[in-house]
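Okay, structure first, notes after.
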Amino acid sequence: MIQLDKQYEPGEVEKRWGKFWEEKNFFHADETRESSAFSIVIPPPNITGRLHIGHAFNNTLQDILTRWKRMQGFNALWQPGTDHAGIATQNVVEKQLHAEGTNRQDLGREEFVRRVWKWRDESGGTITGQLKKLGCSLDWERDRFTMDEGLSKAVREVFVTLYEEDLIYKGDYIINWCPRCHTALSDLEVEHQDTQGHLYHLKYPLKDSEDFLVIATTRPETMLGDTAVAVNPEDERYQGHKGKKLMLPVLNREIPLIEDGYVDTTFGTGALKVTPAHDPNDFELGQRHELETINVMNPDGTMNSLAGSAYEGLDRFECRKKLVADLKESGVLVKIEDLNHSVGHCYRCRTVVEPYLSKQWFVDAKTLAKPALKAVKDGSIKIVPKFWENTYFDWMENIRDWCISRQIWWGHQIPAWNCGDCGEIIVARETPESCTACSSKNLVQETDVLDTWFSSALWPFSTLGWPEKTESLKRFYPTSVLCTGFDILFFWVARMIMMGIKFMGDVPFKDVYIHALIRDAEGQKMSKTKGNVIDPLEVMEKYGTDALRFTLAAFAAQGRDIKLAEDRIEGYRNFCNKLWNASRFVFMNLEDYKGSCVLDNTNTLSKPDRWILSRLNQATKDVNEALEAFRFNDAALTVYKFIWNEYCDWYIELAKPKLSGSPEERAATQNVLIHVLDSALKLLHPFMPFITEEIWQKLPQNENSIMVSAFPEFQESQTDEEIEKEMQVIMEVITGIRNIRGEMNLNPGLKLNVLIKTQNPEIQKSLLDQVDYIRELARVERMEAGSNIEKPKVSASSVLGEMDLIIPLEGLMDFEEERNRVEKELKKIEKDLIFLDKKLSNPNFVKKAPAEVIEKDEHRKTSLSEKQAKLEIHLKTIKQGLC
RNA sequence: GGGCGGGUAGCUCAGUUGGGAGAGCACCGGCCUUACAAGCCGGGGGUCACAGGUUCGAGCCCUGUUCCGCCUACCA
């Protein structure tokens with residue numbers, strides 16, 4: 001006989017089954033298998049990553065879907081992999097070098113890249129091990145890395161194709177420059193933060209005049225690169241100055257006054273300094289007016305020689321300080337105002353980014369966005385929850401070209417070669433031997449690498465073998481669903497849609513499930529610097545992986561951010577224990593059991609048996625429907641309630657008397673206990689894979705693992721509404737008795753006698769049929785049920801539907817308590833009746849509401865009135881007793 | 001500036017087509033009832049942010065206000 005410990009201990013169990021699943025290769029999806037496919041690609045974690053709570057959440061949801069579909073018989077693939085995470089990884093290794101007293105420049109590019117690979121081989125797998133601990137059923141055989149040979153080939157293929165179609169181009173534009181990372185960033189990689197800054201008002205003198213204009217700027221140091229001042233042509237203040245020249249203070253450079261409708265007459269003084277090399281708007285102004293561009297900064301954020309000898313070499317912020325002091329002294333500075341404005345920061349290192357003119361590579365995003373926009377508009381891709389679609393549309397409709405070149409070393413080097421002789425740019429899939437224009441062998445490859453998100457954008461097909469035409473692609477593309485947080489909707493999701501449609505001719509996934517972000521108990525974003533991170537590994541250690549997974553699923557409602565509270569995890573840890581002990585009970589009663597988990601003979605079933613089977617069927621339906629709609633929380637809660645509130649609270653209790661009944665009764669009950677436990681474990685398995693496997697393996701069945709067993713399916717024939725109603729009445733009586741016992745402080749051990757008066761012969765019969773359950777569960781000695789019951793004077797009583805529940809309490813009666821109890825009940829009824837009366841006496845309601853609603857209310861009113869009358873009589877006798 | 005999400009019990013949150021609000025935790029009372037004290041039984045607790053509107057009927061639909069959070073933007 002199988003004995004379970006009194007408490008569930010997750011640690012050892014999790015290790016054992018994790019290993020078992022992997023050894024049995026259950027996570028593998030075979031592309032040659034015929035059954036219909038279900039596929040998900042993991043949002044590839046950075047190789048620098050350690051599993052944080054966001055990963056745990058995201059991957060738990062994916063694992064739930066994958067396990068569920070796999071059990072449903074789908075050929076289910078969950079594609080694993082990691083991202084090389086260009087800047088992030090480079091920063092990590094650079095930090096190491098710094099600690100060793102060296103740097104990447106000293107190492108040189110080749111050696112540095114070798115060093116990063118070495119780091120990746122040694123530490124890049126951390127997250128993989130952690131995902132395994134979480135129980136993720138990823139097909140590890142297919143593990144991919146964005147810098148793998150195959151995926152790099154895909155990157156080249158895409159780059160070259162887009163270049164050939166003029167969808168990738170190279171040009172001089174203002175980009176976001178991070179002076180610390182020494183690289184360009186895409187617009188998305190800049191985090192805007194509202195910052196309390198200053199607006200400096202400066203006098204720009206007109207040439208050969210005492211007169212001057214006042215301009216306003218937040219970044220005075222950029223004035224050193226000014227090549228014009230602009231005003232709005234409509235601005236009356238400046239009508240007299242048309243065509244004049246100004247002298248740039250400090251450098252005494254002559255600059256023109258130009259007119260452009262872009263200038264906002266209401267901001268500052270209505271005069272705008274124009275710095276085409278250091279501001280995106282000024283750059284456009286400059287292009288329109290053919291202004292010179294003067295770049296006054298070095299890539300590291302210090303001022304260069306064009307800034308003038310007084311400032312050359314200074315850091316941009318030091319320069320600002322010194323310059324402002326100088327301007328104040330020379331009388332150029334008019335005033336300094338406080339200004340709250342948003343300042344861009346590098347999303348990797350938090351350094352203030354600098355708008356910077358430089359030569360970069362861009363993707364023509366507008367062209368690629370069009371079909372990607374359409375795919376969501378026409379429903380080829382569904383975003384859940386739907387409100388994210390608007391955000392997606394908005395961004396895609398206003399998309400700007402994507403800067404894809406990065407001046408770092410770790411990543412996919414751009415497949416472009418510059419001819420040292422004729423200057424030709426050669427973009428090619430294979431490294432060229434010689435220049436296509438002049439046949440020179442003097443070719444140097446572009447040193448820039450591609451934005452990390454460029455390779456991520458190809459993930460749904462590059463991982464399946466593209467550009468080769470593989471079986472895996474055929475079977476698993478398009479993938480079924482993409483599951484991710486909204487923070488990378490633009491970074492990743494939108495770009496995958498663009499690239500998928502462009503290169504596969506089909507969407508990369510049919511559904512996108514966007515989940516919320518997890519915050520701490522105060523609603524703060526978790527971050528290491530704040531020290532408020534919940535470490536999933538610690539939580540798993542403390543409460544068990546299943547408890548964490550279930551908590552995350554139960555929180556996954558569609559809407560607000562998730563404030564993770566530890567007591568919820570504890571609550572679901574308790575649920576594990578509850579399930580464990582219910583199973584323990586089942587196993588304790590199986591020593592003579594000979595059957596299997598499959599119900600063979602339904603004829604011998606008792607009413608509670610039929611009831612729990614019907615309820616199981618309903619739960620099955622609800623779970624499947626909820627998962628189908630990505631309502632993880634509903635699905636989780638359904639299983640929870642079924643197991644705890646129905647199977648444990650009622651069915652096991654109802655089963656106890658039958659287990660000590662006749663051998664036939666005992667056998668039948670064992671059958672149902674086991675069958676329902678078996679099914680409940682399956683329903684729960686996607687959420688709690690470890691404990692369900694542990695218990696399931698002890699059940700009498702022959703399959704390999706619960707994870708490859710068949711997920712329960714709803715069967716119309718298994719629903720039995722009659723039985724559900726009948727059992728409801730029995731439960732009501734039991735609860736009613738318990739209620740009186742509790743409210744009147746009667747000793748729980750005290751056996752009561754119970755009278756039930758009812759005119760309904762069916763209820764009478766049912767009560768008498770099932771008197772054993774009532775006696776057992778409500779601790780009743782004798783029960784009488786009939787239509788001619790006399791109510792003893794000294795008794796507690798309540799009205800339950802068509803039944804009058806009477807408990808004689810001669811010698812035990814606390815009249816005071818009973819009066820309070822009945823008066824409380826009457827008060828409630830009175831309130832309800834007033835409400836119903838009002839409603840039913842409203843002619844419009846009677847006229848317009850659907851018949852069934854009216855009928856329901858009328859019925860309710862009658863039964864409440866009856867109940868009220870009966871209770872009032874009862875109350876009278878109580879009061880007599882009190883006197 | 002534009003957009004999105006949220007405001008429901010003391011706390012954390014559900015509430016799927018509109019028909020008088022639920023869970024977990026916390027709280028109160030009673031129980032070691034041989035599966036489980038990480039448990040069992042019973043109980044109290046809500047002007048569903050505010051103000052209007054539509055409707056016979058609104059937590060749910062519409063409008064406005066307010067507070068919180070987030071996204072986005074070329075506010076020098």
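Below, chains carry the letters A, B, ... as their sequence lines are ordered, and counting in each starts from 1. Computed from heavy atoms alone, side chains included, the values below leave out hydrogens, waters and symmetry copies.
The phosphate of B:C13 (OP1 or OP2) has a side-chain N or O of A:Lys563 nearer than 4.0 angstrom.
Checking B:C31, B:A76, B:C56 against every side-chain atom of A:Thr218, the shortest atom distance belongs to B:A76. Picking from B:C75, B:G29, B:G69 the nucleotide with the shortest atom distance to the side chain of A:Asn745 gives B:G29. Looking at the side chain of A:Phe555, the nearest of the listed nucleotides B:A23, B:U12, B:G5 is B:U12. Among the nucleotides B:U16, B:A14, B:U12, the one closest to any side-chain atom of A:Arg631 is B:U16.
The side chain to side chain contact (heavy atoms under 4.5 Å, CB included) test applied to A:Asp187 returns A:Asn176, A:Arg400, not counting sequence neighbours.
Going from the C1' atom of B:U12 to that of B:A51 covers 29 Å, rounded to whole Å. On the C1' atoms, B:G6 is 16 Å away from B:C50, given to the nearest whole Å. Comparing B:G2 with B:C60, their P atoms sit 26 Å apart, to the nearest whole Å.
Both tests pass for A:Lys656 against the ring of A:Phe585: distance under 6.0 Å to the centre and angle within 45° of the axis.
Listed here is the closest heavy atom pair of A:Ala619 and A:Thr638: O-CG2, 3.8 Å.
Taking the six-membered ring where the residue is Trp, the centroids of A:Tyr513 and A:Phe632 are separated by under 6.0 Å.
With the 3.5 Å cutoff on both pairing distances, Watson-Crick and G-U pairs in RNA chain B assemble into runs of at least 3 at B:1-7 with B:66-72, B:10-13 with B:22-25, B:27-31 with B:39-43, B:49-53 with B:61-65.
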At under 4.0 Å between heavy atoms, how does the protein contact nucleotides 35-44 of chain B? Give one character per nucleotide, 5' to 3', with B, S or -. BBSBSSSSSS
